[in-house]
Amino acid sequence: MSLKIVVLAKQVPDTRNVGKDAMKADGTINRAALPAIFNPEDLNALEQALRLKDAHPGSTVTILTMGPGRAADIIREGLFRGADNGYLLTDRAFAGADTLATSYALATAIRKIGECDIIIGGRQAIDGDTAQVGPQVAEKLGLTQITYAEEILEVGDGKIKVKRHIDGGVETVEGPLPIVITVNGSAAPCRPRNAKLVQKYKHAKTVTEKQQGNLDYTDLYDKRDYLNLTEWSVADVNGDLAQCGLSGSPTKVKAIQNIVFQAKESKTISGSDRDVEELIVELLANHTIG
């Protein structure tokens, strides 16, 4: 059976390069000041989707992402690795969204895309670590969800079998299609870019990108429709402005504190039982442990 798969992917700030300008005064992330990368666990999810595509001829993999115009890079990255198409949700009205508003926007976009068999994404994004968006999308669409997936084992007869990695071990579960799945970082890493696909899609652009850039290959976009990346606004997905962006986000950042860790007095001990015992006694005495 062929499958229609939607991969929820996010462009996130690289947390290895967080500086003093990382946050705005309103408590939201200053994404323009940080290097942007493909959220790591979303790449794990993409690999699971591509494996299903390989195993089920005729299947399609669609990337769905929300963000500013530069988030189109996420769609191109997905295409370079084997996805078939993608949609970018981009609108000033989407800005500042918490998980509730983000899941609302993604769910409305999925309804516009149409019927699909599997919606899959990473367990969580490294810029929030909430693990809420996937389950919230499932709830808004009224679909079954399987979280903490490590491997999709089997799909057939309207069901899917998944191995979950949970605290204390693993478990195998089944669920009906259509379904929402979130994938752990312990799942198989995503395959590298395919050189032929990079050559095929390297000029793929959204309408906004084409308007802003100097195009040397204008005629290609008329001849090769796959180079035209779709971007949707709130109006395009029939979204409610009151449920999008900051307006639809009950989560508010009240304060931000910049904590700088400084090296203090250090102590070197041997591996002897006496030294270890003395260290434990000291840590207990000053309530560092216990």
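Computation of the quantities below employed the complete heavy-atom set of this structure, encompassing side-chain atoms and omitting hydrogens, waters and symmetry-equivalent molecules. Values in this document were obtained by computation on a predicted structure and should not be read as measured data.
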*Asks:* The criterion is side chain to side chain contact (heavy atoms under 4.5 Å, CB included); which residues satisfy it with Thr251, sequence neighbours excluded?
*Replies:* Asp98
*Asks:* Report the hydrophobic cluster partners of Val207, with the cluster defined as I, L, V, M, F, W, Y residues connected by side-chain heavy atoms closer than 4.5 angstrom, directly or transitively.
*Replies:* none
*Asks:* Sorted by first residue and then second, give each ring pair (Phe, Tyr, Trp, His ring centres under 6.0 Å) pair with at least one member in residues 140-185; sequence neighbours left out.
*Replies:* none
*Asks:* Cut-off 3.5 Å, side chains only: do Asn184 and Glu150 have a donor facing an acceptor?
*Replies:* no
*Asks:* What residues form a salt bridge (charged side-chain N to carboxylate O under 4.0 Å, His left out) with Asp219, not counting sequence neighbours?
*Replies:* Lys223
*Asks:* Tell me the side-chain hydrogen bond (donor to acceptor under 3.5 Å, both in side chains) pairs involving residues 166-175, sequence neighbours left out?
*Replies:* Arg164-Glu171
*Asks:* Among all residues two or more places apart in sequence or in another chain, which pass the ring-ring contact (aromatic ring centres under 6.0 Å, His included) test with His203?
*Replies:* Tyr217
*Asks:* I'd like to check the side-chain hydrogen bond (donor to acceptor under 3.5 Å, both in side chains) partners of Asp84; sequence neighbours left out, ordered by chain and number.
*Replies:* Lys53
*Asks:* If hydrophobic clusters are built by linking Ile, Leu, Val, Met, Phe, Trp and Tyr wherever their side-chain heavy atoms come under 4.5 Å apart, do Leu229 and Leu220 end up in the same one?
*Replies:* yes
*Asks:* Can you name the side-chain hydrogen bond (donor to acceptor under 3.5 Å, both in side chains) partners of Glu282, sequence neighbours left out?
*Replies:* Lys267
*Asks:* Could you grab the distance from atom CD of Gln211 to atom NZ of Lys205, nearest 0.5 Å is fine?
*Replies:* 12.5 Å
*Asks:* Would you indicate whether Arg224, at its atom CZ, is surrounded by more than 12 heavy atoms from other residues, nucleotides or ligands within a distance under 6.0 Å?
*Replies:* no
*Asks:* Report the C-alpha separation of Arg70 and Glu209 in whole Å, then their side-chain angles, then the decisive distance to 0.1 Å, and conclude whether the salt bridge (charged side-chain N to carboxylate O under 4.0 Å, His left out) test is met.
*Replies:* CA-CA 9 Å; Arg70 68 174 183 172; Glu209 288 178 315; over 6 Å; no
*Asks:* Could you list who else is in Tyr87's hydrophobic cluster, with ILVMFWY side chains joined at under 4.5 Å, directly or through other members?
*Replies:* Val6, Leu8, Leu64, Met66, Leu89, Phe94, Leu106, Ile110, Ile113, Ile119, Val133, Val137, Leu141, Leu143, Val180, Trp232, Val234, Val237, Leu241
*Asks:* Going by the rule side chain to side chain contact (heavy atoms under 4.5 Å, CB included), which residues pair with Ser272 if we only count those two or more places apart in sequence or in a different chain?
*Replies:* Ser270, Arg274, Asp275
*Asks:* For residues Leu153 and Leu3: do they belong to one hydrophobic cluster (side chain heavy atoms under 4.5 Å, members Ile, Leu, Val, Met, Phe, Trp, Tyr)?
*Replies:* no
*Asks:* Are any non-hydrogen side-chain atoms of Glu139 and Gln145 less than 4.5 angstrom apart?
*Replies:* yes
*Asks:* Please identify each residue that fulfils side-chain hydrogen bond (donor to acceptor under 3.5 Å, both in side chains) with Thr108, with sequence neighbours left out.
*Replies:* none
*Asks:* Taking only residues two or more places apart in sequence, or in another chain, which ones meet Pro176 in a side chain to side chain contact (heavy atoms under 4.5 Å, CB included)?
*Replies:* Thr144
*Asks:* In sequence, state the C-alpha distance, the side-chain angles, and the governing distance for Ile120 and Leu52, and then conclude on side-chain contact (heavy atoms from CB on, under 4.5 Å).
*Replies:* CA-CA 11 Å; Ile120 189 168; Leu52 288 175; 5.9 Å; no
*Asks:* Test your reading of the model: is there a side-chain donor-acceptor pair from Asn194 to the backbone of Lys196, 3.5 Å cut-off?
*Replies:* yes
*Asks:* Ring centres under 6.0 Å, that's the criterion: do Phe80 and Tyr201 meet it?
*Replies:* no
